[in-house]
Amino acid sequence: MSIAVHENTKTFHLFNKEISYIMTVLPNGQLGQLYFGKRIHDREDFSYLLEIRQRAMASNPFEGDRKFSLEHVKQEYGVYGSTDYRYPAIEVLQKNGSRISDFQYQSYEVTDGKPKLPGLPATYTEAPEEAETLAVFLKDPVTGIALKLLYTIFEGAGAIARSVEIRNEGSEAVHLTRAMSLCMDLPDCDYEWIQFSGAWSRERHVKVRKLECGIQAIDSLRGHSSHNQNPFVILKRPDAGEERGEAIGFSLVYSGNFLTQAEVDTYDATRMLLGINPFGFDWKLEKEASFQTPEAVMVYTDKGLNHLSQTFHRLYQKRLAHGYWRDRVRPILINNWEATYFDFTEERLLEIAEKAKECGVELFVLDDGWFGKRCSDRAGLGDWVENRERLPEGIAGLAEKIEKLGMKFGLWFEPEMVNRDSDLFRAHPDWAIQTPKRAMSQGRNQYVLDFSRPEVVEAIYQMMSKILRGAKVSYVKWDMNRSITECYSLALEPERQGEVFHRYILGVYSLYERLTSEFPEVLFESCASGGARFDAGMLYYAPQAWTSDDTDAVERLKIQYGSSYGYPISSIGSHVSASPNHQLNRETPLYTRANVAYFGTFGYELDLNKLTQQEQEEVKEQIRFMKKYRETLQFGTFYRLKSPFEGNVTAWMCVSQDRKQAIVGWYRVLNEVNRSFSRIRLAGLEEEWLYELEGTGEAHYGDELMNVGLITSDAASGEVTADDRPSRDFDSRLFILNAKR
């Protein structure tokens, strides 16, 4: 790993064993992009990569020089209006009404390790040798606005983290109306764009389209990253697949309004922009004040999409998530929500907990309905005080009883919301986000608290921390069930209303920071009506996230498969729920529900007392299985083998870090009759090792399993006989392979 700076040619080369990233100072003093891709040799002069030719009708910044035009030059942090007509990375509205800027190179700095970003989640290092960071300083001579472009390259990974600090060193305030985290100009457009889109209960479905001339973008204007789009996209070459080919992944470590955009010009160059959504964004930057953009992470691979995902997995699992639970296998939990909803007593909860303990569950989670007057979704949010009518001895008493059963206790909060029917709203109606003289829209009978106001965050912190200090709470599920409407803060002056969305998410981060710091051994799981804020920003504070409110095993194949492109398996909250499923009314076998949920954190969301004795014994076996294999399942290397978006069969696998063990999940949605024989090529094994298939005694070398394949034919391949294991709709199997070398 190295950052080479060539003073004579004003060229910067970031490289490690995997990648090279090269940029240079352009003739006009701005910073230009030369190359991002597979590692190449360093050299003093890469100027041949800066292609400048005279083009008809181009505008030129230098009088008499018709060759140089920013319209046709790849840039690092492009601005609009001085011969570049593409969407810019930054826009500064000045007092005189101008939006023109010219950020010229000043200096650079190279440091070991990686600096923290104040108030924001970001990747980090634990030792200086893990990464190097280049800071490039640019300044606009007219306004005095200074940029600090940060680039961190990590040891042994094809990843670069980028962000920008914008500082006002001028004589008057300005307004930032656009401040992107990343601007990346690519020399061609021969890519397919992969995005992860959906809605409530069908999050992160894989959508693929070819890049074409014009704008391709995804975004959110909901105040959070949303069910609908995810702040993560991939550009892949058309011939790239899971095991081979070039691709670049772009991930934003942010949980608020975002924009990811690819602009292809009429010369087939592609500009990628990633950052805070500029729509409605207006940040007043006073003299001597600074603004820090969220972090964006880029990953390059020439080894296929599985390798791209694995790079993100390792980085986010080990150097984004942090704290006590980062490297620990996750406890097997049971959540009472789908078992009781709001209709429970302490006695009923203990009945569920006792059976769960009998089956081997390690953590009991009390969901919504334990506080204030919360007997439905119409009241109580904001009043984080236990309801003594339901819980006579409070949360502390219930937690103590759960602990005596031999389990840990967890608790649900929705700290960012308030009901009109609550003591908090009656005392502070102005604390809800609202626009003067406008109606307040509702969602799920609730309003959003104005977390842009420190006093609101402080009040919620005081209530939550009191509960957590006073009871043995080992886990917190942090929910968020409503997008922001009528975005306005009654505490901010009119010219700062464009700051509310960003200040809101900074308030959320500040509350997370305080609580996770004060209660470091509490496992936090983020949630937003399922997967509405399943993003890298949340992963920094909560090492796992409730992936979707949809617990149907068949739908979860698509949701978890899509999530795996950018997020580690240890972050994917996955439960076994009742059948018929509460979201789809679909009936699926208990073993398939578990076989899907194993590839995540694993738990249950049902009343085990309502299962038959045979089903309870099956649950006990499932829990024993998960305890035995969860290290491999949660922290192994994950491979996608067959996509649920492309056929009737889905397959994926996890391989232990030492490659001695592999667990393959195979799923078929609808049964088939007299079908062809089938096999799946595996991945990630040692070619020379002999692997034994657990339960059969069969053994095959790694190269066989990866090139010939694992046979998955069953009763659907031919005529059914009495000796066959019955096949059925919504079928699944697990294959456990252990090295015998």
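Predicted, not measured: the structure shown is a model, and the values here were computed from it. Just the heavy atoms: all of them, side chains too, but no hydrogens, waters or symmetry mates, feed the values below.
In this structure, CE on Met626 lies 7.5 Å from OG1 on Thr601, to the nearest 0.5 angstrom. Here the CD-CD distance, from Glu400 to Glu393, works out to 9.5 Å after rounding to the nearest 0.5 Å. Considering CZ of Phe344 and CD1 of Ile352, their distance stands at 9.5 Å, rounded to 0.5 Å. Rounded to the nearest 0.5 angstrom, Ile559 CD1 and Asp550 CG are separated by 4.5 Å. In this structure, CD on Glu346 lies 5.5 Å from CG on Leu398, to the nearest 0.5 angstrom. Remark: Arg444 CZ to Met417 CE distance equals 10.0 Å, nearest 0.5 Å.
In summary, of the residues considered (Lys558, Arg204, Glu203), a side chain to side chain donor-acceptor pair (under 3.5 Å) with Ser563 occurs for Arg204 alone.
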After noting the C-alpha distance and the side-chain angles of Asp731 and Arg725, does the key distance pass the salt bridge (Lys or Arg N to Asp or Glu O under 4.0 Å) rule?
CA-CA 11 Å; Asp731 206 356; Arg725 170 192 179 273; 3.1 Å; yes
Should Tyr591 and Glu618 be marked as a side chain to side chain donor-acceptor pair (under 3.5 Å) after you check the CA-CA gap, both sets of side-chain angles, and the distance that decides it?
CA-CA 8 Å; Tyr591 65 85; Glu618 189 174 347; over 6 Å; no
Candidate pair His313 and Tyr567, rule ring pair (Phe, Tyr, Trp, His ring centres under 6.0 Å), full reasoning:
CA-CA 6 Å; His313 292 183; Tyr567 304 101; 8.5 Å; no
Begin with the C-alpha distance, continue with both residues' side-chain angles, and end with the deciding distance and a verdict on side chain to side chain contact (heavy atoms under 4.5 Å, CB included) for Met407 and Leu363.
CA-CA 5 Å; Met407 289 190 295; Leu363 170 66; over 6 Å; no
As a quick check of understanding, evaluate side chain to side chain donor-acceptor pair (under 3.5 Å) for Ser309 and Arg640, giving each step before the final call.
CA-CA 10 Å; Ser309 297; Arg640 293 176 298 274; 2.9 Å; yes
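Judged by distance alone, with hydrogens and angles left aside, the side-chain atoms of Arg390 form a donor-acceptor pair with the main-chain N or O of Gly369 at under 3.5 Å. Panel note: side chain Asn336, backbone Asp367; a donor-acceptor pair is recorded below 3.5 Å. Proximity of a side-chain donor or acceptor of Asn419 to a complementary backbone N or O of Leu381 within less than 3.5 Å is detected. No donor-acceptor pair under 3.5 Å is formed between the side chain of Glu694 and the backbone N or O of Asn738. Side chain of Lys627 to main chain of Gly360: a donor-acceptor pair is present (N/O by atom type, distance under 3.5 Å, no hydrogens or angles). Side-chain N or O atoms of Arg330 include one that pairs as donor or acceptor with a backbone N or O of Ser570 at under 3.5 Å. Under a 3.5 Å cut-off, the side chain of Asp383 and the backbone N or O of Val385 do not form any donor-acceptor pair. Asp552 contributes a side-chain N or O that, together with a main-chain N or O of Glu555, makes up a donor-acceptor pair within less than 3.5 Å. A donor-acceptor contact shorter than 3.5 Å is absent between the side chain of Gln446 and the backbone of Asp377. For Tyr667 (side chain) and Asn595 (main-chain N/O), a donor-acceptor pair under 3.5 Å exists by modelled atom type.
Ion pairing between a basic and an acidic side chain is recognised when a charged N comes within 4.0 Å of a carboxylate O; Asp430 and Arg453 show such pairing. Salt-bridge formation is detected for the pair Arg426/Asp421: a Lys NZ or Arg NE/NH1/NH2 atom is positioned less than 4.0 Å from an Asp or Glu carboxylate oxygen. Looking at Lys318 and Glu126, no side-chain N of the basic residue comes within less than 4.0 Å of a carboxylate O on the acidic one, giving no salt bridge. Salt-bridge annotation for Lys357 and Glu362: absent, with no side-chain N of the basic residue lying under 4.0 Å from a carboxylate O of the acidic one.
Between the side chains of Gln583 and Ser201, no donor-acceptor pair of N or O atoms lies under 3.5 Å. In this model, no donor atom of one side chain and acceptor atom of the other lie less than 3.5 Å apart for Arg314 and Thr637. Residues Thr551 and Asn581 bring a donor and an acceptor atom of their side chains to less than 3.5 Å of each other. Defined by atom type and a distance below 3.5 Å, a donor-acceptor pair is present between the side-chain atoms of Gln544 and Glu525. For the residue pair Gln661 and Thr632, a side-chain donor N or O sits within less than 3.5 Å of a side-chain acceptor on the partner. No hydrogens or angles considered: nothing links the side chains of Ser577 and His582 as a donor-acceptor pair under 3.5 Å. Judged purely by distance below 3.5 Å, without hydrogens or angles, the side chains of Ser474 and Glu521 never pair a donor atom with an acceptor atom.
Residue-environment remark: CD (Glu347) stays at or below the threshold of 12 foreign heavy atoms within 6.0 Å. Within a 6.0 Å radius of CG in Asp658, more than 12 heavy atoms belonging to other residues, nucleotides or ligands are found. Environment of CD in Gln614: sparse, with no more than 12 heavy atoms of neighbouring residues, nucleotides or ligands closer than 6.0 Å. Crowding of Lys373 atom NZ: a count of heavy atoms from other residues, nucleotides or ligands under 6.0 Å not exceeding 12. For Arg222, the CZ atom counts as loosely surrounded, since its 6.0 Å shell holds 12 or fewer non-hydrogen atoms of other residues, nucleotides or ligands. More than 12 heavy atoms of other residues, nucleotides or ligands shown are found within 6.0 angstrom of CD on Gln462.
Aromatic pair Trp478/Tyr512: ring centres closer than 6.0 Å. When ring centroids are compared, Phe196 and His205 stay outside the 6.0 Å threshold. For Tyr639 and Trp652, the distance between ring centers is not under 6.0 angstrom. Residues Tyr254 and His502 place their aromatic rings such that the two centres sit under 6.0 Å apart. For Phe342 and Trp337, the gap between ring centers is short of 6.0 Å.
Side-chain contact between Phe519 and Ser465 is present, with at least one heavy-atom pair separated by less than 4.5 Å. Residues Ile467 and Trp370 meet the side-chain proximity criterion, which asks for heavy atoms closer than 4.5 Å. Between His575 and Tyr604 there is no side-chain heavy-atom pair separated by less than 4.5 Å. In this structure, the side chains of His224 and Phe258 stay at 4.5 Å or more apart for every pair of heavy atoms. Looking only at side-chain heavy atoms (C-beta outward), Phe232 and Phe312 come within less than 4.5 Å of each other. The shortest side-chain heavy-atom distance between Tyr504 and Leu449 does not fall under the 4.5 Å cut-off. Residues Leu557 and Val596 have side chains in contact (heavy-atom distance under 4.5 Å, counting atoms from C-beta outward). Side-chain contact between Met538 and Ser255 is present, with at least one heavy-atom pair separated by less than 4.5 Å.
With sequence neighbours excluded, the residues forming a side chain to side chain donor-acceptor pair (under 3.5 Å) with Tyr316 are Ser251, listed by chain and number.
A cation-pi arrangement, defined by a distance under 6.0 Å to the six-membered ring centre and an angle within 45 degrees of its axis, is present between Arg733 and Trp666. Both tests do not hold together for Arg630 against Phe602: distance to the six-membered ring centre under 6.0 Å, angle to the ring axis within 45°. Cation-pi contact between Arg514 and Tyr461: present, with separation from the ring centre below 6.0 Å and deviation from the ring axis of at most 45°. Seen from the ring of Trp546, Arg556 counts as a face-on cation partner, given the 6.0 Å and 45° thresholds.
Closest heavy-atom contact between Leu633 and Cys654: O-SG, 3.5 Å.
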